[in-house]
Undergrad: 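Below is a structure I'd like to ask you about.
Lettering follows sequence order; numbering is per chain, from 1. This one's a predicted model, so the numbers in the text were calculated from it and none came from an experiment. Side-chain atoms are counted along with the backbone in the values below, which use heavy atoms only and exclude waters and symmetry mates.
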Amino acid sequence: VDMYGKCGSVNDARKVFDKMPQRNIFTYNSVLGAFMRWGFVDEAKELFDSIPDRDQCSWNSMVSGFAQKGRFEDAVECFVRMCREGFGMNEYSFGSVLSACAGLMDGKIGAQIHGLLVKSICERGVYMGSALVDMYAKCGEVECARRVFDEMRIRNIVTWNSLITCYEQNGPASEALRVFRDMLDEGFDLDEVTLASVVSACATLSGIREGREIHALVVKNDRYRADLVLNNALVDMYSKCGDIKVARFVFENMPLRNVITETSMVSGYAKAASVEDAGSLFGRMMEKNIVSWNALMAGYTQNGENEKALSLFRLLKRESAWPTDYTFGNLLNACANLADLNLGMQAHTDVMKHGFCFRSAPEPHVFVGNALIDMYMKCGSVQDAFWVFRNMVERDLVSWNAVIVGYAQNGYGIEALEMYKQMILSGEKPD
RNA sequence: GCCAUGCACCUUCGAG
């Protein structure tokens, strides 16, 4: 059963299971794991409910399965139920649920689980520590991630990688490079995960010197040279650093490419003002996802081809690609650049039709809301801009800046100053 | 029989 499950022959696993005259908890857990691993979540749930004597491992398989399939809230809920039904939690339980918290980007729940972990009898080893570092990192709690890291007695490569990624994703990216140096100084080995994160940090810093150094390490090592993610990171790094020729060289020598590789090149061409090349590569892409569409739209708006961006949006809707906050950001940007209020209002309708149905609130709401404010301001409609501002569920620094600047540039000096005062009163710090 | 890490999409301003 386990063999078939691991090989992906879920049907065969199930057949053997069904024919077994006797089963024990190991049998059940094997099938359960197979179902979860290959995405048969409903079947797994059904089986789980039918297990006569569930044990800790059965619960762990559910939690981990949910987490790996991206059903993070189910994973946490399952963990809580497990807790309530009096099952003890071990490293497997905590590892899985922490990864679910990371996926939810919910530091509050994560910290609560952390509390449970500390009180539990679990060994606070390198697995738990690394899982905590990663969880805090994904939740944007850089200080907490760092604290856990510093308090660990024993670290391994995953621990270091998690901290590097933490700084790469939350900033400051320069700290990612510093941690990388520390890692080497302490004599740790690195791997392709380390290098991909570091290259990515170089990309955000436009640190082409450091990026080239890593690239030199990569070409000397067969395993690194064959790694898709690492190569993708290199293409992105050279693109962002403006070296489109080398980006293309890496691209063309890759043993394998995917949608991310091609999207990175599209962005690179757009950035290098070769928006023609961006468009033709986009047209030849084997597989497109919404990020690819967004990248080309951004490319068009960056190069003043706003009408093309708009028609790309229309095309995208026909192709049934599901828009994201970036899509609407680009759309509104195009309208703002054209300073065309009618188009802008139409775009606003598109946003509303989508019901602000983004994956996780409220950041995308703020993001799109800010883009709306900016669009209305650039189109000269201060009333509409202010209406959006007033009705936003949440506001951030950019929202305030957008209204203040918008008022100022439309000749409403008094109102701009008034908004500034209100900004101070609201507790938002000006930059 | 169950656990942790990596890649792509310029929302505001100024300067150029």
Side-chain angles (χ1 to χ4, degrees), chain A residues 1-2 5 25-34 36 55-65 67 90-99 102 126-135 137 156-166 168 191-200 203 227-237 239 258-267 271 289-299 301-302 324-330 332-333 366-375 377 396-406 408 431:
Chain A
V1 170
D2 184 51
I25 188 64
F26 279 68
T27 331
Y28 280 103
N29 289 343
S30 296
V31 188
L32 196 60
M36 270 307 196
D55 67 357
Q56 186 190 49
C57 178
S58 322
W59 283 97
N60 287 347
S61 300
M62 293 301 288
V63 178
S64 118
N90 64 4
E91 287 82 357
Y92 290 87
S93 335
F94 280 111
S96 302
V97 77
L98 284 172
S99 132
V126 71
Y127 262 72
M128 292 302 94
S130 306
L132 283 169
V133 172
D134 178 58
M135 181 277 291
N156 67 9
I157 192 166
V158 175
T159 326
W160 283 95
N161 289 346
S162 300
L163 189 66
I164 292 173
T165 310
C166 175
E168 189 270 309
D191 66 3
E192 53 273 51
V193 177
T194 323
L195 294 178
S197 300
V198 173
V199 170
S200 183
D227 190 86
L228 174 64
V229 173
L230 181 49
N231 277 298
N232 285 347
L234 284 168
V235 171
D236 177 54
M237 187 272 294
S239 293
N258 66 3
V259 61
I260 298 188
T261 328
E262 298 184 309
T263 304
S264 299
M265 276 310 292
V266 169
S267 287
K271 199 174 181 63
N289 63 19
I290 187 61
V291 178
S292 328
W293 289 88
N294 292 347
L296 186 60
M297 274 182 84
T301 58
Q302 281 160 38
T324 64
D325 46 343
Y326 279 93
T327 320
F328 291 117
N330 288 325
L332 293 167
N333 232 331
V366 184
F367 188 89
V368 176
N370 293 345
L372 275 168
I373 295 174
D374 181 55
M375 180 278 292
M377 285 299 192
D396 65 6
L397 174 66
V398 174
S399 326
W400 288 99
N401 286 346
V403 242
I404 293 171
V405 170
D431 66 354

Undergrad: Within this structure, what is the CG-to-P distance between A:Asp325 and B:C9, rounded to whole angstrom?
TA: 13 Å

Undergrad: Only counting residues at least two apart or in another chain, list the ones meeting salt bridge (charged side-chain N to carboxylate O under 4.0 Å, His left out) with A:Asp55.
TA: none

Undergrad: According to a cutoff of under 5.5 Å between the ring centres and under 30° between the ring planes, does A:Tyr127 stack with the base of B:C3?
TA: yes

Undergrad: The side chain of A:Glu192 is closest to which nucleotide in this list: B:A4, B:G6, B:C2?
TA: B:G6

Undergrad: What is the distance from CD of A:Gln56 to P of B:C3, rounded to the nearest Å?
TA: 13 Å

Undergrad: Side chain of A:Ala402 only, please: which of B:C2, B:A4, B:U12 is the nearest?
TA: B:U12

Undergrad: Rounding to a whole Å, what distance do you find between A:Asn294:CG and B:C10:C1'?
TA: 12 Å

Undergrad: Which atoms form the tightest heavy-atom contact between A:Ser292 and A:Val259, and what is the distance?
TA: OG-CG2, 3.6 Å

Undergrad: Within the 4.0 Å heavy-atom criterion, would you say A:Met265 contacts the bases, only the backbone, or no part of the nucleic acid?
TA: nothing

Undergrad: How is A:Thr263 classified with respect to the nucleic acid when contacts are heavy atoms under 4.0 Å: base, sugar-phosphate, or nothing?
TA: base

Undergrad: Rounding to a whole Å, what distance do you find between A:Glu168:CD and B:A8:C1'?
TA: 12 Å

Undergrad: A:Ala196 near the nucleic acid: base, sugar-phosphate alone, or nothing, with a heavy-atom cut-off under 4.0 Å?
TA: base

Undergrad: Which nucleotide in the list B:A8, B:U5, B:C2 gets nearest to the side chain of A:Ser200?
TA: B:A8

Undergrad: Does either side chain, that of A:Thr261 or that of A:Asn258, offer a donor lying less than 3.5 Å from an acceptor on the other one?
TA: yes

Undergrad: Quick check for you: among B:C3, B:G6, B:A4, whose closest atom lies nearest to any side-chain atom of A:Val158?
TA: B:A4

Undergrad: Distance alone, cut at 3.5 Å: any donor-acceptor contact between the side chains of A:Thr324 and A:Thr327?
TA: yes

Undergrad: Give one of base, sugar-phosphate or nothing for A:Leu230, where a contact means two heavy atoms less than 4.0 Å apart.
TA: base

Undergrad: If you check every side-chain atom of A:Cys57, which of B:A4, B:C2, B:U11 has the closest atom?
TA: B:C2

Undergrad: Starting from P on B:A4, measure out to CE on A:Met128 and report it in whole angstrom.
TA: 9 Å

Undergrad: Between B:U12 atom P and A:Asn370 atom CG, what is the distance in whole Å?
TA: 9 Å

Undergrad: For A:Asn60 and A:Asn90, test the side chains for any donor-to-acceptor distance below 3.5 angstrom and give the result as yes or no.
TA: yes

Undergrad: So, A:Phe367 versus A:Tyr326, ring centres under 6.0 angstrom or not?
TA: yes

Undergrad: Could you work out, with ring pair (Phe, Tyr, Trp, His ring centres under 6.0 Å) as the rule, every residue matching A:Trp400, not counting sequence neighbours?
TA: A:Phe389

Undergrad: Please pick, from B:G6, B:U11, B:A4, the nucleotide with the shortest atom-to-atom distance to any side-chain atom of A:Thr165.
TA: B:G6

Undergrad: My understanding is that only one of A:Val193, A:Val198, A:Val133, A:Asn156 makes a side-chain contact (heavy atoms from CB on, under 4.5 Å) with A:Asn161; could you say which?
TA: A:Val193

Undergrad: So which protein nitrogen or oxygen atoms get under 3.5 Å of nucleotides 14-16 of chain B's nitrogens or oxygens?
TA:
unit_1, atom_1, unit_2, atom_2, d
B:G14, OP1, A:Gln409, NE2, 3.2

Undergrad: Can you tell me how far P of B:A8 sits from OH of A:Tyr326, to the nearest Å?
TA: 10 Å

Undergrad: Any donor-acceptor pair under 3.5 Å between the side chain of A:Asn289 and the base of B:A8?
TA: yes

Undergrad: Counting only side-chain heavy atoms from C-beta out, which of B:U5, B:U12, B:C2 sits nearest to A:Ser64?
TA: B:C2

Undergrad: How many Å lie between CE on A:Met135 and C1' on B:C3, as a whole number?
TA: 15 Å

Undergrad: So if I take every side-chain heavy atom of A:Val398 and compare against B:U12, B:C9, B:C7, which nucleotide ends up nearest?
TA: B:U12

Undergrad: Any idea which of B:C2, B:A8, B:U12 is nearest the A:Asp236 side chain?
TA: B:A8

Undergrad: Spell out yes or no: do the side chain of A:Asp227 and the base of B:G6 have one donor N/O and one acceptor N/O closer than 3.5 Å?
TA: yes

Undergrad: Quote, to the nearest angstrom, the C1' distance that separates B:C10 from B:G14.
TA: 16 Å

Undergrad: Among A:Ile373, A:Asn370, A:Leu372, exactly one meets side-chain contact (heavy atoms from CB on, under 4.5 Å) together with A:Leu332. Which residue is that?
TA: A:Leu372

Undergrad: Measure from the side chain of A:Ala233, starting at C-beta and using heavy atoms only, and say which of B:U5, B:U11, B:C7 lies closest.
TA: B:C7

Undergrad: Under 4.0 Å, heavy atoms only, any strand: does A:Asp55 hit a base, just the sugar-phosphate, or nothing?
TA: base

Undergrad: Please work out if A:Asp431 contacts a base, only the sugar-phosphate, or nothing of the nucleic acid, heavy-atom cut-off 4.0 Å.
TA: nothing

